[in-house]
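Everything on this sheet refers to the single structure shown next.
This is a predicted model, so every value here is computed, not measured. So you know, we letter chains A, B, ... as the sequences are listed, proteins then strands, and number each from 1.
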Amino acid sequence: MIRDDLISLIQQAALKAQATGDIPIFSLPDVVIERPKNPEHGDYSTNVAMQSARLAKMAPVKIAEALIAHFPAAAFIGKVDLAHPGFINFTLSDSWLAQQVAVIEAAPDSFGNSDAGQGRKAQVEFVSANPTGPLTIGHAWGAVLGDTIASLLTATGWDVTREYYFNNGGRQMRLLGESLRVRYLELLGQQNPIPQDGYQGDYLRWIAAALVAEHGDGLVEAGVDVFRNKAELSIFANIRATLARLGVDFDVYYNELDLYETGKINAAVQALSTSGYAYQKDGATWLRATDLGLKQDRVIIKSSGEPTYRMPDIAYHVDKLERGFEYIVDIFGADHHATWPDVLAGVRALGYDTSDIQVIIHQFITLLRDGQEVKMSTRRGEFVTIDALLDELTTPSIPGRDVMRFMLLTRSADSSMTFDIDLAVKESSENPVYYVQYGHARICAILRKAAEEGFSPGEYADGDLSLLIHPAELKLLRKMIAIPEVIADATAQLAPHQLSHYAQGLANDFHVFYHECKVVTAEPDERQLSLARLRLCAAARIVLARVLGLMGVTAPERM
RNA sequence: GCCCCCGUAGCUCAGUGGAACAGAGCACCGGACUUCUAAUCCGAUGGUCGCAGGUUCGAAUCCUGCCGGGGGUGCCA
């Protein structure tokens with residue numbers, strides 16, 4: 001990456017400057033390379049001279065002058081400038097930039113990727129909703145965050161597993177079964193109340209109707225398990241269908257019950273007790289979390305003998321590590337934010353290193369409909385499903401998934417966002433996602449036009465890239481070659497929303513280029529320029545398609 | 001009470017490993033289609049970066065306090 005190359009060149013320059021005595025001997029601070037906002041400050045900039053001033057006991061400008069004087073030659077650097085009060089600004093070489101088109105052409109499916117992960121195993125756990133009801137907008141955010149982070153990890157050389165953890169046992173599922181039973185009997189003319197804390201959503205009526213259609217009144221005497229199982233199957237099918245519509249596909253659906261059946265929970269409890277991190281009090285088993293740096297101890301086995309949710313979570317994370325994942329990302333909603341420190345503490349108590357487990361907590365989404373906040377509750381059956389939203393956001397040419405994914409990828413997970421349904425539907429025709437997609441479609445239109453005008457891809461493959469000297473061309477090129485850094489940063493910071501911002505900038509630079517530079521011309525003496533620009537367009541299309549692909553958004557050829 | 005996240009332009013939000021005049025989209029105002037798709041482009045307007053202190057050569061960014069919104073604080077998940 002350019003940024004890393006620059007750091008190395010600066011360090012070389014410092015060594016040479018010290019060897020010649022132009023600057024004193026001192027240990028250079030970590031070189032930070034930033035992207036200046038102002039184009040006059042070049043493409044990259046460093047404040048290392050200012051950071052060094054105190055260490056070197058020398059004026060920043062003097063240090064910068066020495067570093068510039070000893071800066072090694074590099075093909076990608078056009079010029080190196082000094083700016084007060086000591087910034088060193090680097091500008092990329094125009095001719096080098098133009099030649100990058102060939103580099104992009106050579107890696108249409110992988111430009112911007114890296115091998116940072118070196119094929120090591122990574123896991124992203126997300127959604128992980130229990131099958132008690134349809135997925136809602138909050139789940140959609142987790143789904144899009146997780147899926148995109150997984151894509152980013154793949155792009156940076158990790159062997160990624162997308163995993164969904166769920167529990168189909170326990171009290172909630174029993175209540176769900178009982179609630180379904182009530183709906184079933186209701187259809188057969190028997191009125192019974194929905195149990196206390198039961199599920200009131202209409203979806204149970206539809207599942208009940210399916211049961212009636214299938215079995216008639218044959219299940220009147222059936223136990224609750226029959227209904228619980230039917231509810232689970234139906235709801236899980238619905239969840240999977242929703243995820244498919246969102247473009248999310250899991251490699252593993254991990255059932256919490258497996259942890260019991262394989263004895264992993266018991267083994268973990270035993271190990272905690274043996275090591276003294278678990279103790280008995282008031283008939284329950286507690287995790288000595290205070291010895292692990294936390295504020296209070298926590299119950300892991302209730303006095304009823306049933307584990308709390310923490311225990312399977314601890315065993316599950318141990319299992320993840322045992323499966324050989326070297327990087328683990330968990331994505332939870334803000335309501336789970338208090339639980340994961342306990343879980344990781346438990347994992348550590350069992351002797352595992354948790355430093356490679358990253359937890360992303362996304363904030364809540366406030367949903368507005370008709371200007372009113374929609375209070376959601378799966379139990380009460382009050383919610384807006386992802387499916388319903390996708391229906392509303394779908395247009396004849398673009399699936400709703402593109403709008404939803406892009407929108408959810410414009411905000412950082414830390415931001416608690418408000419989603420105005422009416423506005424989203426109304427403004428969908430002005431949604432930024434279309435702006436980016438239109439850029440891609442526009443390139444495709446140009447390439448089609450070129451084919452009609454007799455420019456074959458085989459011919460422009462040899463186009464002379466040195467003809468790309470227009471400011472709009474160079475600005476576009478600068479953006480295109482930034483994608484490796486965008487991918488690296490978004491992955492390192494687990495901040496996939498950076499992709500959408502980059503995509504908008506890239507599309508903008510292309511649209512400007514489109515207006516400034518005619519690509520396909522009939523003029524014989526401009527044919528060479530056309531060939532070069534066609535190569536640029538094809539390369540821009542590659543980069544645009546790459547960033548859209550990482551976001552899980554389609555790259556349409558026509559709009 | 002305590003813990004976590006947030007408070008940046010009319011609205012929705014970026015930017016918060018400190019740095020060179022604070023950004024984008026939408027909305028609003030004014031321009032550009034005989035030209036490869038105007039779902040585009042160009043220009044204008046718009047902000048005491050919640051408030052008050054502190055650290056620093058330099059703070060939207062770091063520290064402290066306060067105010068406001070959300071989430072948590074369970075032998076529920």
Can A:Tyr435 be classed as stacking with the base of B:rG25, given a centroid separation cut-off of 5.5 Å and a plane angle cut-off of 30°? no
So, with a heavy-atom separation below 4.0 Å from RNA chain B, the residues of residues 37-52 of chain A are A:Lys37, A:Asn38, A:His41, A:Ser45, A:Asn47, A:Met50, A:Gln51
Practice prompt. In sequence, state the C-alpha distance, the side-chain angles, and the governing distance for A:Arg380 and A:Asp197, and then conclude on salt bridge (charged side-chain N to carboxylate O under 4.0 Å, His left out).
Written response: CA-CA 9 Å; A:Arg380 290 200 310 270; A:Asp197 293 335; over 6 Å; no
> Contact class for A:Cys444 vs. all strands (heavy atom < 4.0 Å): base, sugar-phosphate, or nothing?
Replying inline: nothing
#### Entry: A:Arg527 with A:Asp525: basic N within carboxylate O range, under 4.0 Å
no
For nucleotides 42-49 of chain B, print each protein N/O atom paired with a nucleotide N/O atom at under 3.5 Å, atom names and distance only.
none

*asked:* What I want to find out is whether A:Asp489 reaches A:Arg35 closely enough, with some N-O distance under 4.0 Å, to be called a salt bridge.
replied: no
Sorted by chain and number, sequence neighbours left out, salt bridge (charged side-chain N to carboxylate O under 4.0 Å, His left out) with A:Arg174 holds for none
Separation of the C1' atoms in B:rG58 and B:rG50, to the nearest angstrom
23 Å
Item checked: Ion pair A:Arg533/A:Glu473, N-O distance below 4.0 Å -> yes
Pairing string of RNA chain B (Watson-Crick or G-U wobble, both atom distances under 3.5 Å; | = paired to other strand) is (((((((..((((.........))))..((((.......))))......(((((.......))))))))))))....
Quick one: do A:Glu256 and A:Lys264 make a salt bridge, cutoff under 4.0 Å? no
Original post:
Can you find a heavy atom in the side chain of A:Phe166 that is under 4.5 Å from one in the side chain of A:Asn168?
Top reply: yes
Point to revise | Cationic N near anionic O, under 4.0 Å, A:Glu178 to A:Arg228 | key: no
Legend entry - Inter-nucleotide C1' distance (B:rC33, B:rG69), Å rounded: 47 Å
Against the side chain of A:Tyr434, the closest entry in B:rA39, B:rA77, B:rC75 is B:rA39
Where do N or O atoms of nucleotides 2-4 of chain B meet protein N or O atoms at under 3.5 Å, pair by pair?
from	atom 1	to	atom 2	distance (Å)
B:rC4	O4'	A:His337	NE2	3.4

Out of B:rC76, B:rG74, B:rC75, minimum distance to the side chain of A:Gln296 belongs to B:rG74
Under 3.5 Å, side-chain donor or acceptor atoms of residues 502-510 of chain A against the rest of the protein: list the pairs with distances, not counting sequence neighbours.
from	atom 1	to	atom 2	distance (Å)
A:Tyr502	OH	A:Lys479	O	2.7
A:Asn508	ND2	A:Tyr435	OH	2.9
A:Asp509	OD1	A:Lys475	NZ	3.0

Next on the checklist: Taking any heavy-atom pair under 4.0 Å as a contact, classify A:His497: base, sugar-phosphate, or nothing.
Outcome noted: sugar-phosphate
So side chain to side chain donor-acceptor pair (under 3.5 Å) across residues 288-297 of chain A, not counting sequence neighbours, yields A:Tyr279-A:Asp297, A:Thr290-A:Asp297
Note: contacts of residues 405-414 of chain A with RNA chain B (heavy atom, under 4.0 Å) are A:Thr410, A:Arg411, A:Ser412, A:Asp414
Here the distance between atom P of B:rU40 and atom OH of A:Tyr438, to the nearest Å, is 7 Å
Does a side-chain N or O from A:His501 land closer than 4.0 Å to OP1 or OP2 of B:rC13, or not? no
Of B:rU37, B:rU40, B:rA20, the nucleotide closest to the side chain of A:Asn89 is B:rA20
With sequence neighbours left out, the residues meeting salt bridge (charged side-chain N to carboxylate O under 4.0 Å, His left out) with A:Arg369 are A:Glu392
Those residues at least two apart in sequence (or on a different chain) that pass side chain to side chain contact (heavy atoms under 4.5 Å, CB included) with A:Glu40 are A:Asn38
Within residues 306-318 of chain A, the residues having a heavy atom closer than 4.0 Å to RNA chain B are A:Thr308, A:Tyr309
Notebook entry, point to check: Which is true for A:Ala445 with a 4.0 Å heavy-atom rule: it touches a base, it touches only sugar-phosphate, or it touches nothing?
Noted result: base
Testing B:rA38, B:rC75, B:rG25 for proximity to the side chain of A:Ser303, the answer is B:rC75
For residues 437-461 of chain A, the ring pair (Phe, Tyr, Trp, His ring centres under 6.0 Å) pairs (sequence neighbours left out) are A:Tyr438-A:His511
